Student: 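Can you keep this structure in mind? I'll have questions shortly.
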Amino acid sequence: MLLMANVESFDLDHTKVYAPYVRLAGAKRTPRGDAISKYDLRLLQPNQGAISPSALHTLEHLLAGYLRDHLEDVIDVSPMGCRTGMYMSVLGEADEEGVLVAFRAALQDVAEHDRPIPGVSELECGNYRDHDLAQARIHAREALEAGLKIQPTLLIER
């Protein structure tokens with residue numbers, strides 16, 4: 001029987017969290033001692049909705065830039081497969097409050113974005129035709145209106 005490594009998100013009790021939120025999803029140290037923190041930036045309540053692939057793609061492009069405008073040492077911003085939010089990895093110690101402030105500011109930037117989406121050409125993007133700025137802006141506004149908060153990690157009781 002093949003064993004698979006444990007995946008943190010599979011231990012999260014998705015029935016007990018309340019979106020929209022910021023949650024520290026994990027922290028690691030590299031062999032050289034550098035800290036890396038991974039955050040769950042949730043826009044929609046799990047299992048109650050999903051962001052369309054085109055809107056999620058646009059959110060990825062916009063948040064990749066806007067989060068870096070408001071937060072230092074962002075390594076990566078990537079969409080969740082369940083299409084309810086993003087994961088963000090940063091270099092450094094966990095700082096949920098700082099991430100919350102940056103996520104709020106970045107979502108405000110997305111909600112107000114009225115220019116072309118960055119990185120949307122055949123040269124820059126692997127699926128450049130699949131974007132929806134209007135829906136991305138709506139998701140950003142709705143998350144802001146609902147009130148972002150810090151969500152503790154609530155594990156499944158097994």
Side-chain angles (χ1 to χ4, degrees), residues 6-27 36-90 94-156:
N6 186 52
V7 178
E8 180 275 338
S9 64
F10 298 164
D11 289 333
L12 178 69
D13 188 336
H14 288 75
T15 66
K16 292 183 179 175
V17 295
Y18 295 100
Y21 64 75
V22 166
R23 179 181 71 87
L24 179 64
I36 298 174
S37 301
K38 177 182 168 186
Y39 294 92
D40 170 344
L41 307 177
R42 195 74 62 146
L43 295 167
L44 296 182
Q45 184 63 28
N47 299 305
Q48 293 186 18
I51 302 167
S52 73
S54 55
L56 190 64
H57 191 188
T58 301
L59 283 164
E60 176 193 16
H61 277 237
L62 294 175
L63 288 173
Y66 285 137
L67 280 164
R68 284 174 170 89
D69 288 346
H70 298 288
L71 192 65
E72 291 184 16
D73 298 322
V74 172
I75 296 169
D76 183 51
V77 178
S78 39
M80 294 177 173
C82 63
R83 301 189 346 250
T84 60
M86 299 281 173
Y87 284 115
M88 178 181 68
S89 298
V90 298
D95 177 16
E96 288 173 304
E97 190 62 41
V99 171
L100 178 67
V101 169
F103 190 36
R104 189 177 290 129
L107 286 174
Q108 187 64 48
D109 292 338
V110 171
E112 297 172 0
H113 190 91
D114 62 357
R115 301 176 311 281
I117 302 162
V120 178
S121 75
E122 188 174 13
L123 292 173
E124 301 163 306
C125 180
N127 195 6
Y128 74 99
R129 293 182 192 96
D130 188 26
H131 284 276
D132 188 337
L133 177 58
Q135 283 299 308
R137 292 178 65 188
I138 288 169
H139 284 295
R141 272 195 303 276
E142 288 177 349
L144 289 167
E145 289 168 3
L148 293 168
K149 63 196 157 302
I150 294 173
Q151 170 69 58
T153 296
L154 302 168
L155 299 177
I156 295 171

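Owing to the predicted nature of the structure, the values given are computational and were not obtained by experimental measurement.
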Student: Just so I know, are the side chains of His139 and Ser52 near enough to count as touching, which here means a heavy-atom distance under 4.5 Å?
Tutor: no
Student: Could you grab the distance from atom CD of Gln135 to atom NE2 of His57, nearest 0.5 Å is fine?
Tutor: 16.0 Å
Student: Do you know which two heavy atoms are closest between Gly49 and Thr84, and how far apart they sit?
Tutor: O-CG2, 3.5 Å
Student: Does Glu124, at its CD atom, have more than 12 non-hydrogen atoms belonging to other residues, nucleotides or ligands within less than 6.0 Å?
Tutor: yes
Student: Please step through side-chain contact (heavy atoms from CB on, under 4.5 Å) for the pair Asp11 and Asn6, ending with a clear verdict.
Tutor: CA-CA 8 Å; Asp11 289 333; Asn6 186 52; 2.9 Å; yes
Student: Determine yes or no for a side-chain-to-main-chain donor-acceptor pair under 3.5 angstrom, with Thr58 supplying the side chain and His131 the backbone.
Tutor: no
Student: Within the structure provided, determine whether Leu71 and Met88 are in side-chain contact (heavy-atom separation under 4.5 Å).
Tutor: yes
Student: Just so I know, are the side chains of Val77 and Glu60 near enough to count as touching, which here means a heavy-atom distance under 4.5 Å?
Tutor: no
Student: Do the side chain of Arg68 and the main chain of Asp73 share a donor and acceptor less than 3.5 angstrom apart?
Tutor: no
Student: Do any N or O atoms from the side chain of Gln45 and from the backbone of Ala19 form a donor-acceptor pair under 3.5 angstrom?
Tutor: yes
Student: What heavy-atom pair brings Cys125 and His61 nearest, and what distance separates the two atoms?
Tutor: SG-NE2, 3.6 Å
Student: At their closest point, which heavy atom of Cys82 faces which heavy atom of Ala50, and how far apart are they?
Tutor: O-CB, 4.1 Å
Student: How about Gln48 and Leu44: do any of their side-chain heavy atoms sit closer than 4.5 Å?
Tutor: no
Student: Do Thr15 and Asn47 have side chains that get closer than 4.5 Å, going by heavy atoms?
Tutor: no
Student: May I ask you to test the Pro20-Phe103 pair for a side-chain heavy-atom distance under 4.5 Å?
Tutor: no
Student: Taking all non-hydrogen atoms of both residues into account, name the closest pair between Ala94 and Leu24 and its distance.
Tutor: CB-CD2, 3.6 Å
Student: Hey, does Leu56 have a side-chain heavy atom less than 4.5 Å from the side chain of Met86?
Tutor: yes
Student: Can you confirm if the NZ or CZ of Lys149 lies within 45° of the ring axis of Tyr18 and under 6.0 Å from the centre of its six-membered ring?
Tutor: no
Student: Can you tell me how far apart OH (Tyr128) and CG (Leu123) are? Round to the nearest 0.5 Å.
Tutor: 9.5 Å
Student: Quick check for you: to the nearest 0.5 Å, what is the distance between His113 atom NE2 and Leu107 atom CG?
Tutor: 14.0 Å
Student: Applying side-chain contact (heavy atoms from CB on, under 4.5 Å) to Ser37 and Val90, what does each step give before you reach the verdict?
Tutor: CA-CA 5 Å; Ser37 301; Val90 298; 3.9 Å; yes
Student: With side-chain contact (heavy atoms from CB on, under 4.5 Å) as the test, would you mind laying out the steps for Glu96 and Tyr39 before giving the verdict?
Tutor: CA-CA 8 Å; Glu96 288 173 304; Tyr39 294 92; 4.0 Å; yes
Student: Taking C-beta and beyond as the side chain, do Pro79 and Leu59 meet within less than 4.5 Å on heavy atoms?
Tutor: no
Student: With side-chain contact (heavy atoms from CB on, under 4.5 Å) as the criterion, how do Thr153 and Leu12 come out once you've worked through the C-alpha distance, each side chain's angles and the decisive distance to 0.1 Å?
Tutor: CA-CA 7 Å; Thr153 296; Leu12 178 69; 4.2 Å; yes
Student: Please report the interatomic distance CG(Leu41) to CE(Met80), rounded to the nearest 0.5 Å.
Tutor: 7.0 Å
Student: Please report the interatomic distance CZ(Arg129) to CD(Glu122), rounded to the nearest 0.5 Å.
Tutor: 6.5 Å
Student: Any donor-acceptor pair under 3.5 Å linking the side-chain atoms of Asp40 with those of Tyr21?
Tutor: yes
Student: If you round to the nearest 0.5 Å, how far is CZ of Arg23 from CG of Leu100?
Tutor: 14.5 Å
Student: Shortest non-hydrogen contact from Leu133 to Arg115?
Tutor: CD2-O, 3.9 Å
Student: Determine the minimum heavy-atom distance between Pro46 and Val17, stating which atoms define it.
Tutor: CG-CG2, 3.9 Å
